[in-house]
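Input: a single structure, listed below in C-alpha cells.
Side chains are part of it too, since the values below use all heavy atoms of this structure and drop only hydrogens, waters and symmetry mates. Naming convention: chains lettered A, B, ... in sequence-line order (proteins, then strands); numbering from 1 in each chain.
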Amino acid sequence: MPSQALPGFRDFYPDELELRAHIFRTWREVARRYGFEEYDGPPLEPLDIYTAKSGSEIVGQLYNFTDKGGREVALRPEMTPTFARMVSARANGLRKPIRWFSIPQLFRYERQQRGRLREHFQLNCDLVGEAGPLADAELIALSIDVMRAFGLTERDVRARVSDRRVLGALLAAAGVSAAHLGDAYQAIDKAERSRPGELAAQLRSAGLGDAVIEKVFAVAAIRGRPALEAALAGLPDAGAAAPLLTALDALDAMGLGAYVDVDLSIVRGLAYYTGTVFELFDAGRTLRAICGGGRYDGLLLALGGVDLPALGFGMGDVVLGELLRERGLAPPARAEVDVFVAAVTPEDVPHALALAHELRDAGLACEFALAAQPLGRQLKQADARGARRAIVIGPDDRARGEVVLKDLAGKTQAPVRRDAVLAAVAAGDAGAHTGSRDG
RNA sequence: GUGGUUGUAGCUCAAUUGGUUAGAGCGCCGGACUGUGGCUCCGGAGGUUGCGGGUUCAAUUCCCAUCAGCCACCCCA
C-alpha cells in the first residue's frame, strides 16, 4: 500500500459516497421545503476573520499557513464568518428574512476521535432579519424534519432546547452577578461531562458562594416544561421566558412537540449566543451531538457587518452518518444497471454496441462485457452488476430481426423485434407477453 | 497537545507456555459450463503479522521506539 489518507481525512469509496450523497440530497430537499436557498463561499479564507471572532488561541486548531503572496490564510473551520461577510455585503438588497443554507467542507486541526475528524461536511442553515420566536421554531423544526426525512423518529433523536435569556434570568434570581454569568454558563455546559465536585470547586474559585453554586446546579437540572414554568413562577423577570415558550408552542402546533425536550443544561460553548440554543442527540446518547445551533443576534454586527438579528445551526455528516448506519437507514449501495447487453459471438459485438448506445441515449443505464466471454459468463456478470434485464444478441436472433429480452429477476425471456427493443425496454414488460411473432 | 488502549489477507477473525512453509470464512479472479445467469463443486491470486530496532538458537507472540485506529482529557466553530 503506497500510503493512506491523512489522519482525520476520509477516502470515500463508492458505497461510502452513496451514503454521503444520500445525506446531501436529503439536506437539500428539506432545506428547499423551508424555502432556504443554497450558497457557498471559498474553502480558504484570510486567517483574521476567524481570530477576530474567536481570539488568537483558535489558531492552534486551524489549518493555517502563509500563502505565496505572504497572506495569512486558513482552511475554513466554520461557515459563520463567510456567511456574515456575504450577507452583510448585500444585506440592503436582500428581502428579509434571509433563509440561506450551505454544505461546506470544514477543517480543524485536532486529534480525531469517533464522530470527530479533521474534515467534515456540515449543513449550515441560517435565518437573518427576524427577531421573533417563530423564527426560532422554524429553524428547530427544520433540523427535526431533516431527521424525519432520514427515517429517524422521536424514539431515535431528541431536540434539547434552552434559551440563554431564560438561563440568565434564573441565574440572576439565584444570585449570580452579571460578571459571573460566563463562569456559570461554562459550568452548566460541562455539567454532564464532569464530576460535580470539580465544577463546584471551579465556581468557588471564580468567587461564587456555596449557596449560589447549589442554585446554579439546580437551574441546570431543570428538565421539561412544567419544571421550567415552576422555576419561573414568581421570578421578577418572568417575561424572559416568553420567546422560548412561544417557540415551544409553535413546535407543538407543527406536530413536532414529541421530539422536543426542554433542557436547561444546554447552553452551547460559544459566547455569542443570545437567545434560544438547541442541540440534537441520538436518543441513547451514545454518540456526539448531531446538530447544534441557536440565536446570535449581535454577531453579524460584531463581525463588522450589519445589525440584524440572526440564528442558525450546523449539522455534521459524520455523527449523522454513523447513526444512519447504526439504524440501518443508510441507502442500499450500488447504482443499478437497467439493461445488460450480451453478445453470443464476436460477430454480434458491433450489434450489441449499437443497441447499448441507443439504450444509453434513451437514458437507460446500460453495460456490456468489455472482453469476449461465453454467454453464461456475461449473464453472470449481469447479475453481479445488479441488472434488472438483459438483452441477448446472437446470430440466429439477428437473422430473424430479433433480440432476446430477459427479465433476470423473473427468469423469463421473450423475443423482441430489433426495432421495437427501446419501446419494450421502456415499457419494462420483458416476459409479460410472449412477444410478437413476425410472419 | 496530555494520558490509556489496540494493530495478522480487501473484510471478519484464527495461530498451543516463544517453535518448521502464518490459516479459515466471506469477497475477488478462473475452471467445470464454447446460445442462457443467481446454486454447487474445484482451483488460483492476495501477507515484509502497521513500520523500525532489540532480546533469543528461534518473535505474530517478549521489550523499546514510531505511525495509525479507538477511548478519556483539551476543544467543540
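Using a 4.5 Å heavy-atom cutoff, the side chains of L199(A) and K190(A) are in contact. Between S143(A) and F278(A), some side-chain heavy-atom pair lies under the 4.5 Å cut-off. A 4.5 Å side-chain heavy-atom check between F101(A) and E37(A) finds every atom pair outside the cut-off. For the pair D156(A)/M147(A), no side-chain contact is recorded, criterion being any heavy-atom separation below 4.5 Å from C-beta on.
A ring-centre distance under 6.0 Å is found for H22(A) and F150(A).
Between the P atoms of U6(B) and C63(B), the separation comes to 10 Å (whole Å). Comparing G54(B) with U61(B), their C1' atoms sit 15 Å apart, to the nearest whole Å. Spacing between U60(B) and A72(B) at atom C1', rounded to whole Å, works out to 29 Å. Look at the C1' atom in both C29(B) and A9(B): the space between them is 15 Å, to the nearest Å.
Residue-level contact check: P374(A) touches neither bases nor backbone, having no heavy atom under 4.0 Å from any strand. Across all strands, G293(A) comes closer than 4.0 Å to no nucleic acid atom at all (heavy-atom distances). Using a 4.0 Å heavy-atom cutoff across all strands shown, G376(A) reaches sugar-phosphate atoms only and no base atom.
For I391(A) and U36(B), the CD1 to P distance is 18 Å, given to the nearest whole Å. Rounded to whole Å, atom C1' of U36(B) lies 5 Å from atom CG of L375(A). Note: CG (L408(A)) to P (C39(B)) measures 14 Å, nearest angstrom. In this structure, D396(A) places its CG atom 14 Å from C1' of U34(B), rounding to the nearest Å. Atom P of nucleotide A77(B) and atom CD of E45(A) are separated by 19 Å, given to the nearest angstrom. Going from atom CD of E78(A) over to atom P of C75(B) covers 17 Å, rounded to whole Å. As rounded to whole Å, 18 Å separates atom P of C67(B) from atom CZ of F9(A). Between the CZ atom of R118(A) and the C1' atom of C74(B) there is a distance of 14 Å, given to the nearest Å.
The side-chain contact (heavy atoms from CB on, under 4.5 Å) check on R116(A) picks up R108(A), E110(A), R288(A), with sequence neighbours excluded.
The listed nucleotides are C76(B), C75(B), C71(B); the one nearest the side chain of R108(A) is C76(B). Checking A77(B), G37(B), C70(B) against every side-chain atom of R114(A), the shortest atom distance belongs to C70(B). Of the candidate nucleotides U36(B), A68(B), G30(B), G30(B) has the atom nearest to the side chain of Q373(A). For V392(A), the side-chain atoms get nearest to G35(B) when compared with the rest of G38(B), A77(B), G35(B). Side-chain atoms of P395(A) lie closest to G35(B) of the nucleotides G35(B), C75(B), G37(B). Across A77(B), A72(B), G35(B), the shortest atom-to-atom separation from the side chain of R111(A) is found for A72(B). Nearest to the side chain of R377(A), among G35(B), G30(B), G37(B), sits G30(B).
Taking side-chain N and O atoms only, K190(A) has a distance below 4.0 Å to OP1 or OP2 of C75(B). For R268(A), a side-chain nitrogen or oxygen approaches OP1 or OP2 of A77(B) to under 4.0 Å. Contact between the side-chain N/O atoms of Q113(A) and the OP1/OP2 oxygens of A72(B) is found at a separation under 4.0 Å.
The base of U36(B) has none of its N or O atoms less than 3.5 Å from a complementary donor or acceptor on the side chain of Q378(A). A donor-acceptor contact under 3.5 angstrom links the side-chain atoms of Q61(A) to the base of A77(B).
Judged purely by atom type and a 3.5 angstrom limit, Q378(A) uses its side chain to pair as donor or acceptor with the backbone of Q373(A).
With the 3.5 Å cutoff on both pairing distances, Watson-Crick and G-U pairs in RNA chain B assemble into runs of at least 3 at B:1-7 with B:67-73, B:10-13 with B:23-26, B:28-32 with B:40-44, B:52-54 with B:62-64.
Residues E45(A) and T82(A) bring a donor and an acceptor atom of their side chains to less than 3.5 Å of each other. D126(A) and Y296(A) form a side-chain donor-acceptor contact under 3.5 Å, judged by distance and modelled atom types alone. For T51(A) and D48(A), the side-chain atoms include no donor-acceptor pair closer than 3.5 Å.
Using a 30° and 60° split on the angle between ring planes, Y34(A) and F36(A) fall in the perpendicular class, above 60°.
RNA chain B is contacted by no residue of residues 304-315 of chain A, taking any non-hydrogen atom closer than 4.0 Å.
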